[in-house]
Amino acid sequence: MAFLRRFFSVRWYCIAAALVAYGGCALVWVLSMKPGNNEAWFANPAVDLLVRHRMGTPTIEGVGTALAGIEQHTYWTMPFYSLAQVPWYWLFGFSLILQRLFTLFCGVGVLISVYLLVKKLSTEWVAALSVILIACDFQFVEQSAVGRMDMLCAWLAFSGLALYVNLRETRFRDALLLSNVALAVSCMTHPNGALGLSSLWVLILYFDRKRLGWREVGLIGAPYVAVLAMWGLYISRAPQSFLSQLRANVQGVQADVGGNDRFSLLLHPRWALRSEFHYRYVAAYHSAVIPGVYVLGLLVLIVLAWRTRRTDHVVFAAIGSIYFAELTLLEGLKRTAYLVHSIPVLAIALVLVMCSIKMPRGAIGAVVVLLLSFQGTAEVRSRHADGGVRDYLSVLKVLEANRMPGEAVIASAEFAYGLGFEGQVMDDWHIGYYSGKSPGFIVVGGLARNWLSVHRKDSPELGAFVDERLGREYVVVLESPTYTVYAKRERAAGLNLDVSDARNGSIANLLWELRPDGRL
C-alpha cells in the first residue's frame with residue numbers, strides 16, 4: 001500500500017504527464033520531419049551490415065576526396081551507433097520512422113538515468129522536476145526524433161554517471177567497472193562521450209580518491225583498452241582510409257563550406273562563448289529567454305556550490321561546468337544536435353537552484369509553467385519554419401517516375417530512403433568532378449549549393465566543370481526553395497513532372513514504408 005500511495009503521488013503524476021507530453025510531441029516530430037542527409041549517412045552503415053555484411057556508406061561518393069574508401073569502410077564516425085542499430089532493424093525492420101523511434105527510445109533512457117542520478121545525490125522532488133523540464137524542453141524533444149547517434153551517446157553517458165553514484169557505496173568495484181564500460185561505449189558512439197567521461201572521473205576523484213588502488217585503476221582502464229582494441233582491429237582493414245576520413249571529420253563539414261572547424265575557437269574563448277550562446281542556443285530556441293534562464297541557473301549554482309559546499313551543489317556545478325565549457329571551447333561547429341548533452345545538466349542546475357533557495361512551491365510551479373510556455377512558443381515557430389517536407393516528396397516522386405531501372409542519381413543522401421542505400425543515390429557535392437559519373441539526374445540541395453559556391457571560386461577547373469555540366473549538359477526541370485533538380489538535356493523533354501499529388505501527400509505514410517530496396 002505504501003508503494004501504491006507513493007506511485008500515485010502528485011510527483012509521479014507530474015512525471016507521468018511530462019513523459020506523455022514528451023512521447024507525444026516527439027512522435028509528432030518523428031512523423032512529420034523531412035528526412036535529413038545526416039540520418040541517411042548514419043543509417044547506411046547499419047543497413048550495409050545487414051545487406052552486404054560490411055560497414056560501408058555507399059550513399060557518399062568518396063572518390064577523389066578525403067572520404068575515399070567510405071563505400072567499403074566507415075571510419076569518419078565512431079562505430080557503436082551503427083552496431084547498435086543492427087539488432088533494432090533485425091527485430092523490427094528498417095524504415096526512417098523506426099530509425100527515429102530508436103532515438104526516441106534512447107531519449108527515454110536519458111530521462112530515467114537523469115532521475116536515478118539526481119535522486120541519489122539530491123531529493124526526489126529535484127529529480128522529478130529535472131525530468132519534467134528536460135522532457136518538455138523543445139530542443140530535447142525535437143532531437144529525440146532525429147536519426148542520429150547523439151541521444152544514444154548521451155544515454156550511455158548519463159547511465160554511467162547514474163551507475164557510479166548508485167553503486168559506489170555498496171559495490172565500489174562494480175561501480176567503477178560498469179560506469180566506465182558505459183562511458184567507453186559512449187565514446188565509441190560519438191566523441192562527445194568525453195563530456196560524460198571527464199565528469200565521471202571528476203566524480204570518482206571527488207568521492208573516492210582515497211579508495212583507489214592499482215586494482216581499481218585497472219578496472220577503470222580495462223573498458224577503454226577493450227573498446228580501443230576492437231576498434232583498432234576494424235581500423236587495421238584500411239588504415240590509410242581511416243586516417244583520411246578521420247582528418248576530414250575532425251575538420252568538419254561546415255569548415256569545408258566556409259565555416260569554423262571543430263577546434264577553431266579553442267584559442268579564442270571570448271568569441272567561443274559568444275558564438276556558443278548565439279549560434280547553438282539562441283538560434284535553436286528562437287529567443288534568448290530559455291537559454292538565458294538555463295545559463296543563469298548554472299552560474300547561480302556555481303556560486304552556491306562555492307558557498308555551501310553541499311554535495312549536490314558541488315557535483316552538479318562541476319558536471320554542468322564541464323559540459324558547458326567543453327562544448328564551448330572544443331566544438332567549433334556549434335551543432336544544435338549536441339544540445340541533448342547540455343540540456344539535462346542545465347535543467348538540473350536550474351531546478352537545484354530553485355529548490356535550494358527555498359522558493360515556495362507555487363513560485364517554482366509558476367516558473368516551470370512560464371518556461372514551458374516559452375518552450376511551446378519556440379516549438380510552434382520551429383514547426384512553422386519547416387517547409388522542406390513537400391519539396392522532398394515532390395522531388396522523390398519525379399525521380400521515381402522518371403529514373404530508369406537500376407539508374408543511380410547524384411542527390412543528397414536523404415533520397416536513399418526512397419531509392420535505396422546500395423549505390424542508387426550518390427551524395428556527391430562535386431557533382432561528378434572527381435568520379436567522372438554522369439547520371440540522368442542531379443539533385444542539388446543546400447549543402448551542395450554552399451560547397452559549390454565556396455570551392456568553385458577556389459578552383460578554376462571545378463568552376464569551369466560546374467558551368468559546363470549544369471549550364472550545358474544538364475537543364476533545370478524542377479526548382480524549389482530546398483532542391484534544384486537537373487536532368488540530362490536530351491531526356492528533359494520526355495519527363496513526367498506531374499507531382500501535384502505529392503504536394504498533398506502524408507509524410508507519415510511515406511516514411512513508414514521507406515526501406516532500402518524493400519529487402520529488410
Can you name the salt bridge (charged side-chain N to carboxylate O under 4.0 Å, His left out) partners of [X], sequence neighbours left out?
X	answer
D427	none
D150	R148
D174	R171

Side-chain donor/acceptor of [X] to backbone N/O of [Y], under 3.5 Å:
X	Y	answer
S412	E414	no
E39	V146	no
R100	V30	yes
T123	K119	no
D208	R211	no
D312	S122	no
Q99	G147	yes
E124	Y115	no
S186	A182	no
W231	M78	no

**Request:** Please test W76 against I60 for side-chain contact (heavy atoms from CB on, under 4.5 Å), starting from the C-alpha separation and ending with a verdict.
**Result:** CA-CA 12 Å; W76 72 318; I60 295 179; 3.6 Å; yes

Shortest non-hydrogen separation from [X] to [Y] and the atoms involved:
X	Y	value
S179	Y164	CB-CB, 3.8 Å
A318	V202	CB-CG1, 4.4 Å
G193	C153	N-SG, 3.4 Å
K334	T328	NZ-O, 2.8 Å
G23	L104	O-CD1, 4.4 Å

[X] and [Y]: side-chain donor and acceptor closer than 3.5 Å?
X	Y	answer
N192	Y323	no
Y224	N180	yes
T74	T57	yes
S198	E326	yes

Anything under 30° is parallel, anything over 60° is perpendicular, the rest tilted; go ahead and classify [X] against [Y].
X	Y	answer
Y22	F140	tilted
H341	H190	tilted
W271	Y279	perpendicular

**Asked** Is there any salt bridge (Lys or Arg N to Asp or Glu O under 4.0 Å) pair reaching into residues 14-32, and which pairs are they, with sequence neighbours excluded?
**Response**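 Of all non-adjacent pairs touching residues 14-32, none passes salt bridge (Lys or Arg N to Asp or Glu O under 4.0 Å).
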
**Fill in**
Quick note, salt bridge (Lys or Arg N to Asp or Glu O under 4.0 Å) partners involving residues 278-302, not counting sequence neighbours, are E276-R280, R280-E331

Who pairs with [X] by side chain to side chain contact (heavy atoms under 4.5 Å, CB included), at least two apart in sequence or on another chain?
X	result
I112	V108, L116
S113	W155, F158, S159
P291	F277, Y281, Y285

**Item:** Lys/Arg N to Asp/Glu carboxylate O, K120 vs E169, below 4.0 Å
**Value:** yes

Point-to-point distance, once rounded to the nearest 0.5 Å, from [atom1] of [X] to [atom2] of [Y]:
X	Y	atom1	atom2	result
Y89	F102	OH	CZ	8.0 Å
H313	L121	NE2	CG	12.0 Å
I134	S144	CD1	OG	10.5 Å
L176	I220	CG	CD1	5.0 Å
W90	L50	CH2	CG	10.5 Å
L205	L212	CG	CG	7.0 Å

Just to verify, what does [X] make a side-chain hydrogen bond (donor to acceptor under 3.5 Å, both in side chains) with, not counting sequence neighbours?
X	result
Y81	none
S321	none
Y206	none
S199	none

**Item:** Full working for side-chain contact (heavy atoms from CB on, under 4.5 Å) between L156 and L183
**Value:** CA-CA 6 Å; L156 289 164; L183 267 301; over 6 Å; no

**Message:** Against V114, only a single residue in L117, V110, L111 fulfils side-chain contact (heavy atoms from CB on, under 4.5 Å); can you say which?
**Reply:**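 Between V114 and the candidates, side-chain contact (heavy atoms from CB on, under 4.5 Å) is satisfied uniquely by V110.
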
**Prompt:** Taking the six-membered ring for Trp, are F421 and F94 ring centroids under 6.0 Å apart?
**Reply:**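 Yes.
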
**Message:** Before you tell me yes or no, could you show the steps for Y483 and F415 under ring-ring contact (aromatic ring centres under 6.0 Å, His included), namely the whole-Å CA-CA distance, both residues' side-chain angles and the distance that decides it to 0.1 Å?
**Reply:** CA-CA 12 Å; Y483 302 104; F415 288 98; 5.0 Å; yes

Contact between [X] and [Y] at the side-chain level, heavy atoms closer than 4.5 Å - yes or no?
X	Y	answer
P223	L177	yes
D391	P481	yes
L396	L419	yes
L152	F105	no
L49	L83	yes
L228	M188	yes
Y392	P35	yes

**Fill in**
The salt bridge (charged side-chain N to carboxylate O under 4.0 Å, His left out) partner of E216 among R173, R209, K210 is R173

